[in-house]
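Just below is one structure, and these are the notes that go with it.
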Amino acid sequence: MNAQAQMNQQGKKPKTAITPTREENFPEWYQQVIKAADLAENAPVRGCMVIKPYGFALWENVQRALDDMIKEEDVQNAYFPLLIPLSFISREAEHVDGFAKECAVVTHHRLEKGPEGGLVPAAGAQLEEPFIIRPTSETIIGDSMAKWVQSYRDLPLKLNQWCNVMRWELRTRMFLRTSEFLWQEGHNAFATPEEANEDARKMLEVYQKLYRDWMAMPGIPGEKTADERFPGADHSYTYESMMQDGKALQACTSHNLGQNFSKSFGIQYQGEDGQTHHAYTTSWGLSTRSIGGLIMTHSDDDGLIMPPKVAPHQVAIIPVLRDDSGKATVIEFCRKLKESLKEKGVRAFLDESDARTPDKMWGSIKKGIPVRVEVGAREVEEGTVTWVRRDIGRDSKTSGTVDAFINEVPNLLAQVHQALYERAETFTRENVTDVSGLDEIKQFYAAGGFGFVRADKAVLDDPGLEAVQKEFSITSRCLPFEDDGQKVIIGKSY
RNA sequence: CGGGGUGUAGCGCAGUCUGGUAGCGCAUCUGCUUUGGGAGCAGAGGGCCGGGAGUUCGAAUCUCUCCACCCCGACCA
């Protein structure tokens, strides 16, 4: 957008740090942003990725923020096994249908030398009952809950685990859909259906808060339609976030599982009435997919833009060095600046590499560091610094004293956060189009319409809907809470 | 899993049709000159041309076969 403006003024295409641009090829741009920012790379294993230190630092910040919020809800962290007995997964009928197709199965416990050299699973070491590598843990946690819940006094039971899961995906993309991914999965059990549903809604609000206040990502909270529901859930709630290419990303989910799992796994308690009752359970998860969403929401043609609150580095200090004579003084000045920022609770990164100045600058741009501060011999002499906001670029270049800058930083970071959120929020709002019914949905997408449409939920009962969805690769994303479930949002999705 | 595409230096690519000593740009290293939004000149290093099997005097190039990645679709918290 900024690039577009420059292009018009100068009559030529400005150089962008990322090629291709979003407009030219969005999926390829996405890959290149990840590479340029050094977030992750493909692993030798199909569909898996290596999350590199800078990318993992981002995830850790997201994790820390969410973990604190989860604990605020009186949920306790625990850990359950990676391997799940095969028989567990088949206990809940819908659940099996949902996951059987993408399970990795462990069948042996030993290797031996094969006839043609190399190692093969030992024939004599076949497992009596194979294990699956967890695609999600409802079943194995349900098994434990059944033991832990005896009396109504044991409820509610609220558990969460941070772990990896594996789903044998046919089509993978970095962060958005990988065979193995990291997430947290929460599993709560209650005595009444009301509490369970309230909990599922509550945890969605927690996610919404994380996205809004930490990752600056707007979205549309709502309920999933029946055909988009989690296998085994009575109700699934979601936060659907619009990416810059107009597609929806299911950014997290929260499920009210009713008594489906408590019946399959025998999660029962004796109530005050002396009778035995099945508990009501919920499950809720947020994964490394959120990182993919963050990238596609905020980044531009010069690379990543990090929302300040989860950014591994909030301020990049770039020493501008002319020659070796002034170098020591400038570096010394920068180190002091870094210390002062640290004391203020700001995560500052000082680039002490001997790369040339522009390369250091572009490095911080591509990594999306929210604020860049340039310190040269001139600044050191005057006791001033020059700073620039990543989201605005060089138009935001400002000079001031070191003290002024240090005092301004928290405000600056808050402004970047606010600007990122508002930009994404406006973008989302402007790209949701109200339509009257199926004909208008068809017209909209046939004419190359961009983004989501919002229709009366009656359209879900239109027998022609399926054909239209297929034709334009669109699905119903959710029934937004803000419309009291009377409308449905439809669009393309990841 | 179906259709299409791509695998050649860290990154981006040419070379493949028509077999004959592995190339270009950026990055890296050395030196000099430069330096506040992607510097210039000169030189240097770096490749089992995705893997395997064939055809051939000779294969990045032709054939077969795996594998991986990307896009579309199907499927999918």
Side-chain angles (χ1 to χ4, degrees), chain A residues 6 14-20 25-32 35-36 38 41-49 94-95 97-103 134-138 165-174 176-179 181 183-186 224 227-233 236-239 249-255 257 283-289 302-303 318-324 326-327 330 354-366 372-379 384-388 393-395 397 399 469-473 475 492-494:
Chain A
Q6 284 176 35
K15 207 169 179 179
T16 57
I18 303 295
T19 48
N25 186 344
F26 194 85
E28 181 61 20
W29 164 85
Y30 173 75
Q31 302 285 126
Q32 294 302 329
K35 195 175 288 184
D38 213 22
E41 61 190 33
N42 277 311
V45 182
R46 183 200 143 84
C48 295
M49 66 176 173
E94 282 188 35
H95 197 65
D97 287 349
F99 287 108
K101 292 186 289 288
E102 46 186 17
C103 281
R134 64 181 161 223
T136 179
S137 304
E138 272 76 7
V165 290
M166 172 156 270
R167 298 176 188 180
W168 211 265
E169 299 289 351
L170 296 174
R171 187 174 170 190
T172 58
R173 299 167 210 252
M174 291 245 203
L176 298 172
R177 176 171 280 109
T178 45
S179 289
F181 59 89
W183 75 347
Q184 71 46 231
E185 48 177 324
K224 282 288 184 191
D227 50 326
E228 298 285 328
R229 226 179 259 150
F230 177 72
S236 283
Y237 304 112
T238 176
Y239 190 62
L249 186 78
Q250 180 178 309
C252 54
T253 45
S254 178
H255 314 288
L257 304 171
S283 70
W284 30 281
L286 182 140
S287 74
T288 36
R289 171 180 254 201
D302 283 330
I318 309 292
V320 177
L321 305 168
R322 276 174 182 279
D323 47 52
D324 286 345
K327 186 173 172 181
V330 172
D354 56 2
R356 291 180 314 106
T357 302
D359 290 333
K360 287 190 274 196
M361 290 191 187
W362 284 102
S364 85
I365 291 170
K366 286 187 280 197
R372 182 175 80 245
V373 50
E374 302 168 7
V375 181
R378 200 168 68 214
E379 270 94 354
T384 62
V385 289
T386 302
W387 62 88
V388 186
R394 68 179 112 171
D395 292 346
K397 195 172 264 199
S399 288
Q469 287 192 332
K470 237 183 157 148
E471 184 179 353
F472 299 107
S473 305
T475 49
K492 294 184 188 182
S493 82
Y494 276 95

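First the proteins, then the strands, lettered A, B, ... as listed; each starts at 1.
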Determine the contact category for [X]: base if any of its heavy atoms lies under 4.0 Å from a base atom, sugar-phosphate if only primed atoms, P, OP1 or OP2 are that close, otherwise nothing.
X	value
E379(A)	base
G232(A)	nothing
Y237(A)	nothing
P231(A)	sugar-phosphate
T136(A)	nothing
A100(A)	nothing

Please state whether the phosphate of G37(B), meaning OP1 or OP2, lies under 4.0 angstrom from any side-chain nitrogen or oxygen of R372(A).
no
Side-chain N or O of R46(A) less than 4.0 angstrom from OP1 or OP2 on C67(B)?
no
For nucleotides 38-47 of chain B, print each protein N/O atom paired with a nucleotide N/O atom at under 3.5 Å, atom names and distance only.
unit_1, atom_1, unit_2, atom_2, d
G38(B), O4', W362(A), NE1, 3.0
G38(B), O6, A17(A), N, 3.3
A39(B), OP1, R356(A), NH1, 2.7
A39(B), OP1, R356(A), NH2, 2.2
A39(B), OP2, R356(A), NH1, 3.4
A39(B), N7, R356(A), NH1, 3.2

Base-pairing mate for [N] - Watson-Crick or G-U, with both contacts under 3.5 Å:
N	result
C48(B)	none
G19(B)	none
C76(B)	none
U34(B)	none
A68(B)	U6(B)
G58(B)	none
G43(B)	C29(B)

ring-ring contact (aromatic ring centres under 6.0 Å, His included) partners of W183(A), counting only residues at least two apart
F181(A)
Using the ring-ring contact (aromatic ring centres under 6.0 Å, His included) criterion, which residues pair with W29(A)? Sequence neighbours excluded.
F26(A)
Output the single nucleotide from A68(B), C71(B), G37(B) whose closest atom is nearest the side chain of P27(A).
C71(B)
In whole Å, I'd like the distance from the [atom1] atom of [X] to the [atom2] atom of [N].
X	N	atom1	atom2	answer
D395(A)	G37(B)	CG	C1'	12 Å
W168(A)	C1(B)	CH2	C1'	14 Å
K327(A)	U35(B)	NZ	P	17 Å
I318(A)	G37(B)	CD1	P	13 Å
L321(A)	U34(B)	CG	P	16 Å
M49(A)	C70(B)	CE	P	12 Å
M174(A)	A68(B)	CE	C1'	13 Å
E374(A)	G37(B)	CD	P	7 Å

Nearest atoms (heavy-atom pairs only) where [X] meets [Y]:
X	Y	value
R46(A)	L170(A)	NH2-O, 3.3 Å
F472(A)	K492(A)	O-CE, 3.5 Å
G393(A)	V388(A)	O-CG1, 3.0 Å
L286(A)	Q184(A)	N-OE1, 2.9 Å
V375(A)	V330(A)	O-CG1, 3.5 Å
R289(A)	Y494(A)	NH2-O, 3.9 Å

Start at the 5' end of RNA chain B and walk down; is the nucleotide closest to H255(A) or to T386(A) reached first?
T386(A)
Earlier contact from the 5' end, RNA chain B, for V388(A) and R229(A):
V388(A)
Looking only at atom types and distance, does a side-chain atom of [X] sit under 3.5 Å from a main-chain N or O of [Y], one as donor and one as acceptor?
X	Y	result
S179(A)	M166(A)	no
E379(A)	G376(A)	yes
Y237(A)	W284(A)	no

Residues in side-chain hydrogen bond (donor to acceptor under 3.5 Å, both in side chains) contact with D38(A), at least two apart in sequence or another chain
K52(A)
How far, in whole Å, is [M] from [N] if one measures between their [atom1] atoms?
N	M	atom1	value
A27(B)	G73(B)	C1'	38 Å
C49(B)	C11(B)	P	16 Å
U61(B)	U56(B)	C1'	13 Å
C76(B)	A14(B)	P	37 Å
U6(B)	G12(B)	P	16 Å
G51(B)	U8(B)	P	10 Å
G58(B)	G50(B)	C1'	23 Å
G47(B)	G10(B)	C1'	12 Å

If I take atom OH from residue Y239(A) and atom SG from residue C252(A), how far apart are they, to the nearest 0.5 angstrom?
8.0 Å
Looking only at the side chains, is there a donor atom on one of E138(A) and S283(A) sitting less than 3.5 Å from an acceptor on the other?
yes
Going by distance alone, is a donor N or O of one side chain under 3.5 Å from an acceptor N or O of the other, for E374(A) and T386(A)?
no
Please list, for nucleotides 73-75 of chain B, all pairs of protein and nucleotide N/O atoms separated by less than 3.5 Å.
unit_1, atom_1, unit_2, atom_2, d
G73(B), OP1, S473(A), OG, 2.6

For nucleotides 9-13 of chain B, give me every protein contact, N/O to N/O, under 3.5 Å, one pair per line with atom names.
unit_1, atom_1, unit_2, atom_2, d
G12(B), OP1, K35(A), NZ, 3.0

